[in-house]
Amino acid sequence: VVSSTTIVALYAASGQLEAAKLVFDTMAQRNIVSCNTMVAAYAAGGHVSDAERIFHTVMPLHDSVSWTAMLTAHTEAGQLEEAKNLFDAMPAPRCVQAWNAMITAFVDNMELSSCQFLFDAMPARDLVSWNAMLAGYARSGRLGSAKRVFARMLERDTVSWNTVIAAFADSGHGQDAMLMFLRMLVDGLVPNQITYTSVLAACCSWDESRSHFSSMVGDHGVGAVRAHYSCVIGVLASTGELGKAWELIEFMPFVPD
RNA sequence: AUUUUCGGA
């Protein structure tokens, strides 16, 4: 059961929902973990009714992972009301992950006041709760509130930093994004592919882009993806260096998008 | 072995 479940999870993680389903359907036995894995797989693919079928008719018992996975299925499908109902129907005590999933459901629907209410009401908050709240304010463009949340965080990880850096970069505050990036490095956090998507977009010259690009690959071992090239091309376009931009498009090891 | 937070799809 364990090895089959692992295979289901691996297929799901690589987006091969059909293969995951095939393995799950042909398993000799299933337990709560394998069912949870399949519910999560359907959730990620936006297949709510299939997730519900497993949740309601295949599984005899539910644990907190089952409930949280099902809640996420509704969120992914844009069903906020159903997500709320499921959250209310969950047996207490609800795990922190369920609270976090519910906060995310409100974030996806831009209901920031409900997010804040849940965040304040939950019995205990972890780093993910803080990051979810931060992402809510960042995504809705409420930079002031985002900064306030960030400042109040006692612990920050790469996700937290990525969220604020992206918030600044996306709102045209490139300088602030770069400053936050430097603070991130000073704090000893490890930048990843997502960090650099914002950092490269926040650059304002070819020299700056080039220096961050080589530091990305050389110092931090982050592989360049097409999005990184797109950011640099965007910088070149914004500075009017169209010749260089075209040259980079031809030079980059990706099909242009 | 499974669920919650950041970019992209």
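All values derive from a computational prediction rather than experimental measurement.
- For RNA chain B, none of the residues of residues 245-254 of chain A falls under the heavy-atom distance limit of 4.0 Å.
- Near RNA chain B, defined here as any heavy-atom distance below 4.0 Å, there are no residues from residues 212-232 of chain A.
- With hydrogens and angles left out, the side-chain atoms of A:Gln116 and A:Asp120 include a donor and acceptor closer than 3.5 Å.
- Within 4.0 Å (heavy atoms only), A:Asn31 reaches at least one base atom of the nucleic acid.
- For the side-chain hydrogen bond (donor to acceptor under 3.5 Å, both in side chains) criterion with A:Asn162, the lone passing option out of A:Asn192, A:Asp157, A:Thr197, A:Asn131 is A:Asn192.
- Between A:Asp176 and A:Lys147 no salt bridge is recorded (no basic side-chain N to carboxylate O distance below 4.0 Å).
- For the ring-ring contact (aromatic ring centres under 6.0 Å, His included) with A:Trp99, the lone residue among A:Phe117, A:Phe119, A:Phe87, A:Trp67 that qualifies is A:Phe87.
- Looking at every heavy atom in both residues, A:Ala98 comes nearest to A:Arg94 through CB-CB, 4.5 Å.
- The outermost nucleotides of RNA chain B lying under 4.0 Å from heavy atoms of chain A, listed 5' to 3', are B:A1 to B:G7.
- Backbone-only engagement by A:Ala135 is indicated by non-hydrogen atom pairs under 4.0 Å involving sugar-phosphate atoms exclusively.
- At a non-hydrogen distance threshold of 4.0 Å, A:Ala69, A:Thr72 from residues 69-91 of chain A come into contact with RNA chain B.
- A salt bridge does not link A:Glu247 with A:Lys244: none of the charged nitrogens is closer than 4.0 Å to a carboxylate oxygen.
- Here A:Thr5 lies in heavy-atom contact (under 4.0 Å) with a base.
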Item checked: Verdict with supporting geometry, A:Met122 and A:Ile103, side-chain contact (heavy atoms from CB on, under 4.5 Å) -> CA-CA 10 Å; A:Met122 62 197 291; A:Ile103 289 178; 3.9 Å; yes
Checklist line | Stepwise side-chain contact (heavy atoms from CB on, under 4.5 Å) check, A:Val96 with A:Ser129 | finding: CA-CA 8 Å; A:Val96 65; A:Ser129 324; 4.0 Å; yes
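- Annotation: side chain of A:Tyr196 is not in contact with side chain of A:Phe213 (no heavy-atom distance under 4.5 Å).
- In this structure A:Ser114 satisfies the side chain to side chain contact (heavy atoms under 4.5 Å, CB included) test together with A:Phe106, A:Glu111, sequence neighbours excluded.
- The backbone N or O of A:Val39 sits nowhere less than 3.5 Å from a side-chain atom of A:His47 that would complete a donor-acceptor pair.
- In this structure, A:Thr68 reaches the bases: a heavy-atom distance under 4.0 Å links it to at least one base atom across the strands shown.
- Judged by distance alone, the side chains of A:His74 and A:Glu82 never bring a donor and an acceptor atom under 3.5 Å apart.
- A:Thr239 is linked by a side chain to side chain contact (heavy atoms under 4.5 Å, CB included) to A:Glu241, counting only residues two or more places apart in sequence or in another chain.
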